[in-house]
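Since we're looking at a predicted model, the values are computed, not measured. Naming convention: chains lettered A, B, ... in sequence-line order (proteins, then strands); numbering from 1 in each chain.
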Amino acid sequence: MLSELLRASSSKPPNQLKKIHGLVLTTGFSVKNSLLTQMLENLVLVGDMCYARQVFDEMHKPRIFLWNTLFKGYVKNQLPFETVLLYKKMRDLGVRSDEFTYPFVVKAISEIGVLPCGFALHAHVMKNGFECLGIVATELVMMYMKFGELSSAKFLFESMQVRDLVAWNAFIAVCVQTGNSAMALEYYRRMCADAVQFDSFTVVSMLSACGQLGSLEIGKEIYDRARKEDIDCNVIVENAKLDMYLKCGSTEDARVLFDEMKQKNVVSWSTMIVGYAMNGDSKEALGLFAMMQKEGLRPNYVTFLGLLSACSHAGVVNEGKKYFNMMVQSNDKNCEPRKEHYACMVDLLGRSGLLEEAYEFIEKMPLEPDAGIWGALLGACAVHRDMNLGQKVADLLVETAPDIGAYQVLISNIYAAAGKWDCVDKVRRKMRKLGTKKVAAYSSVEFGGKIHFFNRGDKSHPQSRAIYEKLEEILKKIRNLGYVPDTGSVFHDVETEEKESSLSHHSEKLAIAFGLINARAEHPIRVMKNLRTCDDCHVFAKFVSRLTSRDIIMRDKNRFHHFKNGVCSCRDFW
DNA sequence: ATAGGGTTAG
């Protein structure tokens, strides 16, 4: 009777499960593990891990699969620390893990992100002889990728005896997730060469990779191949393609696809809205949201992020406030404003010059403001040259954002602009002490099925000579149009050394010159940059678009710049 | 009985 009750309770909410559990206890029967097992599984299913743990602790000598059930629950509910603690307890009690245990624990460790623990765990896996198991090995490979240990991950992946489709997909997916999309492409090509038949999972990751790389042509090619090979192109695949188009700056293609899609979900709509916002098409973004509401679809927190960033971009403060209030009043757990939304609001207010209001907004917010929020205000202070507030915020941020290089650079630039060189020194020393990493700037252009990368002053490209000649020629011509190299700007997150050294050989300038030489005249020149573009390159691109009548689409770390006839769609520079 | 892969934001 009781076991039937429990079996039937699997879909019940946690509080009802607890009542049933209480009932079981009051019957006075000796509670058998089989009953508790059912109970535990139900609790893990509904995600009440606290209660699940209680039930587990009541059990007498639980068998290994019960431990595993609990591990599964912890991992599924994103409680990596509980997972690891449980693993430790298990070892202390002398219970041996089996091959089902390790995938959970490895996943937890990679989420926590402590490399030495990862190594130790790998050693345990090897000691128990589980390393040759595909599933465990796959998790380990993903763990190393997440730790940034590319060579360990590659080595382990290569040494797997059996690499099935899931192993390939997992590896490619984690490459994309960790920002190594060029590597994902490399392995995709190898997968094809090895004649491993890919599936829709592969396609989704690869479309995402192409979005990251700005490789419109390669992305289209992969999608077309998927259609030809009769791979199931479900909503997720279509969404990924949509995102790829938008990340390549091709809002037109995206819209055509979006309108054609038979099945659309919140992600499709949000992708479009966010994409329009990124591309500076705020009107379309807001219009799409109106359509979405008409269709009766519920937005989620990502949708609102897109909306707020669209408002910020268009400088429509009241619209932004309207959407923010909509979130607050919606009473929908999915739409509660998170820190990112507050950061968006600060950005919106700050960008529009309402710095005081932005500051008050932060002071009044119910969540603890983080570096991202202060950073948004600091960026706005920099744009509006408000040194008083800027310094105040910089002072605050100096303490709370010790490890994010971009903020430190912004702070030191603010101090520099205010002439407070002792403060500049202090920040720089701190950066050096903390070893704040300076990410090297690079730009890339897709051409001929390949991605061409350029560093500043790069001479490694085979067409290098032609590129520099083209650059010289262009610089000469646009000087006549009124271009003056801007060496004085201090307000973006680039290092001083970078500013001082050959401004005219910035990676995006080389990439644009490369595009001018190679890209077909009717196509826009698409340039991707890993960091933010500097003022001078921005002005440069405007002039080039005017001089050559070519459209330049440049994506930097934050947003798109569509240059057409000497004008850019963005409001970040003027 | 229990284990590995995919889309939007940062």
Side-chain angles (χ1 to χ4, degrees), chain A residues 34 37-38 40-41 44 62-73 75-76 97-107 110 130 133-143 145 157 160 162-177 179 184 198-209 211 226 231-244 246-247 254 258 261 263-278 299-309 338-341 343-344 370-373 375-376 404 557-558:
Chain A
S34 67
T37 301
Q38 187 71 50
L40 186 69
E41 279 175 3
V44 164
R63 306 265 300 265
I64 180 66
F65 73 87
L66 285 171
W67 288 88
N68 291 343
T69 307
L70 203 60
F71 279 124
K72 178 180 162 185
V75 170
K76 279 245 157 79
S97 335
D98 65 3
E99 72 262 45
F100 298 101
T101 315
Y102 281 112
F104 294 128
V105 187
V106 174
K107 191 172 239 170
S110 60
F130 292 136
L133 289 169
I135 294 166
V136 180
T138 304
E139 274 298 351
L140 282 168
V141 167
M142 294 185 77
M143 178 188 81
M145 277 305 288
F157 183 72
M160 281 171 72
V162 189
R163 272 190 300 274
D164 61 5
L165 180 58
V166 179
W168 278 100
N169 282 346
F171 188 56
I172 289 176
V174 79
C175 285
V176 181
Q177 283 158 14
F198 62 84
D199 66 0
S200 62
F201 282 76
T202 329
V203 178
V204 170
S205 293
M206 285 318 298
L207 289 175
S208 176
I231 279 157
D232 170 36
C233 290
N234 53 26
V235 191
I236 301 180
V237 176
E238 303 272 82
N239 285 346
K241 195 182 179 210
L242 207 55
D243 180 53
M244 191 265 299
L246 291 162
K247 289 230 170 79
F258 181 75
M261 277 167 69
Q263 229 193 348
K264 297 186 189 84
N265 57 19
V266 202
V267 178
S268 327
W269 287 88
S270 305
T271 305
M272 272 316 275
I273 291 173
V274 168
Y276 270 135
M278 262 197 327
N300 65 12
Y301 69 103
V302 182
T303 325
F304 279 107
L305 275 177
L307 285 173
L308 292 178
S309 108
R338 306 183 184 191
K339 281 187 182 168
E340 297 98 303
H341 299 100
C344 268
D370 62 0
I373 289 167
I404 302 172
K557 210 182 165 200
N558 289 354

What nucleic acid atoms does Ala137(A) come within less than 4.0 Å of, heavy atoms only: base, sugar-phosphate, or nothing? nothing

Between Ile236(A) and Ser200(A), does the side chain to side chain contact (heavy atoms under 4.5 Å, CB included) criterion hold? Intermediate values first, please. CA-CA 9 Å; Ile236(A) 301 180; Ser200(A) 62; over 6 Å; no

What's the closest nucleotide to the side chain of Glu340(A) if the choices are dT8(B), dA9(B), dG6(B)? dA9(B)

Once you apply a heavy-atom cut-off of 4.0 Å, does Lys241(A) come out as touching a base, just sugar-phosphate, or nothing? nothing

Starting from C1' on dA3(B), measure out to CD1 on Ile64(A) and report it in whole angstrom. 12 Å

Sugar-phosphate, base or nothing in reach of Val237(A), heavy atoms under 4.0 Å: base

Name the nucleic acid region contacted by Tyr301(A), choosing base, sugar-phosphate or nothing; use a 4.0 angstrom heavy-atom cut-off, strictly under. base

Answer with base, sugar-phosphate or nothing: what part of the nucleic acid does Val274(A) contact at a heavy-atom distance below 4.0 Å? sugar-phosphate

Mind calculating the distance between CE (Met261(A)) and P (dT8(B)) to the nearest angstrom? 13 Å

Picking from dT8(B), dG6(B), dA1(B), the nucleotide nearest the side-chain atoms of Phe65(A) would be dA1(B)

Closest nucleotide among dT8(B), dG4(B), dG6(B) to the Val166(A) side chain: dG4(B)

Which one, dT8(B), dA3(B), dT7(B), comes nearest to the side chain of Glu99(A)? dA3(B)

How long is the line joining CG of Leu66(A) and P of dA3(B), in whole Å? 13 Å

Once you apply a heavy-atom cut-off of 4.0 Å, does Asp164(A) come out as touching a base, just sugar-phosphate, or nothing? base

Without decimals, in angstroms, what is the distance between Ile236(A) CD1 and dT7(B) P? 8 Å

I need the CE-C1' distance between Met142(A) and dA3(B), as an integer number of Å. 13 Å

Looking at every strand, decide which applies to Ser200(A) at a 4.0 Å heavy-atom threshold: base, sugar-phosphate, or nothing. base

Nearest listed nucleotide, side chain of Thr271(A), among dG4(B), dT8(B), dA1(B): dT8(B)

Give a yes/no verdict on base stacking between dG6(B) and Phe201(A): centres under 5.5 Å, planes within less than 30° of parallel. yes

Whole angstroms only, please: what is the CE-C1' distance between Met244(A) and dT8(B)? 15 Å

Please evaluate the base of dG6(B) for a donor-acceptor partner in the side chain of Ser205(A) within a cut-off of under 3.5 Å? no

Base dG6(B) to side chain Asp199(A), donor-acceptor N/O within 3.5 Å cut-off: no

Using the side-chain heavy atoms of Asn239(A), tell me which of these nucleotides is nearest: dT7(B), dA1(B), dA9(B). dT7(B)

Please check: side-chain N/O of Asp370(A) versus main-chain N/O of Ile373(A), any donor-acceptor pairing under 3.5 Å? yes

Short side-chain to backbone donor-acceptor contact, Ser208(A) and Val204(A), under 3.5 Å: no

Across all chains, not counting sequence neighbours, the side chain to side chain contact (heavy atoms under 4.5 Å, CB included) partners of Pro299(A) are Phe289(A), Met292(A), Thr303(A), Phe304(A)

OP1, OP2 of dA3(B) versus side-chain N and O of Lys72(A): anything below 4.0 Å? yes

Does Arg163(A) use its side chain to pair, donor to acceptor, with the backbone of Trp168(A) at less than 3.5 Å? no

Between the main-chain N or O of Tyr301(A) and the side-chain N or O of His341(A), is there a donor-acceptor pair closer than 3.5 Å? yes

Polar side-chain atom of Asn239(A) near backbone of Leu242(A) as donor-acceptor pair, under 3.5 Å: no

Rounded to whole Å, how long is the line connecting atom CG of Leu70(A) with atom P of dA3(B)? 14 Å

Spacing of Phe198(A) atom CZ relative to dG6(B) atom P, expressed in whole Å: 18 Å

Would you please confirm or rule out a distance under 4.0 Å between OP1 or OP2 of dT8(B) and any side-chain N or O of Lys264(A)? no

Which nucleotide in the list dG4(B), dT7(B), dA9(B) gets nearest to the side chain of Ile135(A)? dG4(B)

Of dG4(B), dG6(B), dA3(B), the nucleotide closest to the side chain of Asn234(A) is dG6(B)

Kindly say if Gln38(A) contacts the phosphate of dA1(B), meaning a side-chain N or O under 4.0 Å from OP1 or OP2. no

